Colleague: 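Here it is, the structure in full.
Model, not experiment: these values are computed from the prediction. The chain is numbered in sequence order, starting from 1.
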Amino acid sequence: MQKNRTIGQILGDIGGLQELSQILLVLDELNRILHSFLPGHLVDHCHVGAINSEKNLVIIYLANSSVRHIIENMANPILENFNNHHFSFAGLVTRIRPQTVRNPPRFKQLNHDAKSKLAELAKSINRPDLIENETIIDYVKEIEL
């Protein structure tokens, strides 16, 4: 039976994962510094996603071009703030992160006749609440697709 090992021991056994772990810790710290500096309305719209070590650049991913414009105008103060926390970068690069677009499900609209028949059904089984909160209508919409 194998003895329990800590995460640190497991990562230590696998060279590349230890390096990856260190990079993730640095990115996490940079995000903490960035988010503590930014105005509250921007925090959810940007994060440090990478470091280009060859060119000594910090790469910040943004939700949209409006946030990108604001962050690019704040580039020097952001870099100074990182420098105050002992992270010195030659520059800042912004990237807009792709957003997944989810189309809402499309339901067919029930015509008046269909709604009336459902109301009659609900009444016949003594369940008017099904029509009042549209539970049965929602169910029918789902099965029609």
Colleague: Going by the rule side-chain hydrogen bond (donor to acceptor under 3.5 Å, both in side chains), which residues pair with Glu29 if we only count those two or more places apart in sequence or in a different chain?
Modeller: Arg32
Colleague: Partners of Asn56 by side-chain contact (heavy atoms from CB on, under 4.5 Å), sequence neighbours excluded?
Modeller: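 With sequence neighbours excluded, Asn56 shows a side-chain contact (heavy atoms from CB on, under 4.5 Å) to Phe89, Ala90, given in chain and number order.
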Colleague: To the nearest 0.5 Å, what is the distance between CG (Leu79) and CZ (Phe82)?
Modeller: 7.5 Å
Colleague: According to the side chain to side chain donor-acceptor pair (under 3.5 Å) rule, which pairs have a member within residues 77-94, sequence neighbours left out?
Modeller: Arg68-Thr94, Glu72-Thr94
Colleague: Look at atom CG of Asn126 and say whether more than 12 heavy atoms of other residues, nucleotides or ligands are closer to it than 6.0 Å.
Modeller: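 No.
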Colleague: If you look only at distance, which donor and acceptor atoms sit under 3.5 Å apart when one is on a side chain in residues 46-53 and the other is two or more places apart or in another chain?
Modeller:
unit_1: His47; atom_1: ND1; unit_2: Arg97; atom_2: NH1; d: 2.6
unit_1: Asn52; atom_1: OD1; unit_2: Glu54; atom_2: N; d: 3.1
unit_1: Asn52; atom_1: OD1; unit_2: Lys55; atom_2: N; d: 3.0

Colleague: Tell me who clusters with Tyr61, hydrophobic residues only, linked when side chains sit under 4.5 Å apart either directly or through other members.
Modeller: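 Besides Tyr61, the hydrophobic cluster comprises Leu57, Ile59, Val93, listed by chain and residue number.
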Colleague: Of all residues at least two apart in sequence or in a different chain, which pass the side-chain hydrogen bond (donor to acceptor under 3.5 Å, both in side chains) check with His45?
Modeller: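 Listed in chain order: nothing, the list is empty.
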Colleague: Taking only residues two or more places apart in sequence or in another chain, which ones pass side-chain hydrogen bond (donor to acceptor under 3.5 Å, both in side chains) with Arg95?
Modeller: none
Colleague: Tell me every residue that passes side-chain hydrogen bond (donor to acceptor under 3.5 Å, both in side chains) with Asn73, counting only those two or more places apart in sequence or in another chain.
Modeller: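 Checked Asn73 against side-chain hydrogen bond (donor to acceptor under 3.5 Å, both in side chains); matches are His69.
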Colleague: Where is the tightest heavy-atom contact between Phe87 and Val26, given as atom of each residue plus distance?
Modeller: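 Smallest interatomic distance, heavy atoms only, reads CE2-CG1, 4.0 Å.
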Colleague: How about Ile78 and Leu38: do any of their side-chain heavy atoms sit closer than 4.5 Å?
Modeller: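 Answer yes - side chains close enough.
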Colleague: Is there a path of hydrophobic side-chain contacts, each under 4.5 Å between heavy atoms of I, L, V, M, F, W or Y residues, that connects Ile60 with Ile96?
Modeller: no
Colleague: With rounding to the nearest 0.5 angstrom, report the CD1 to OG distance, Ile70 to Ser65.
Modeller: 10.0 Å
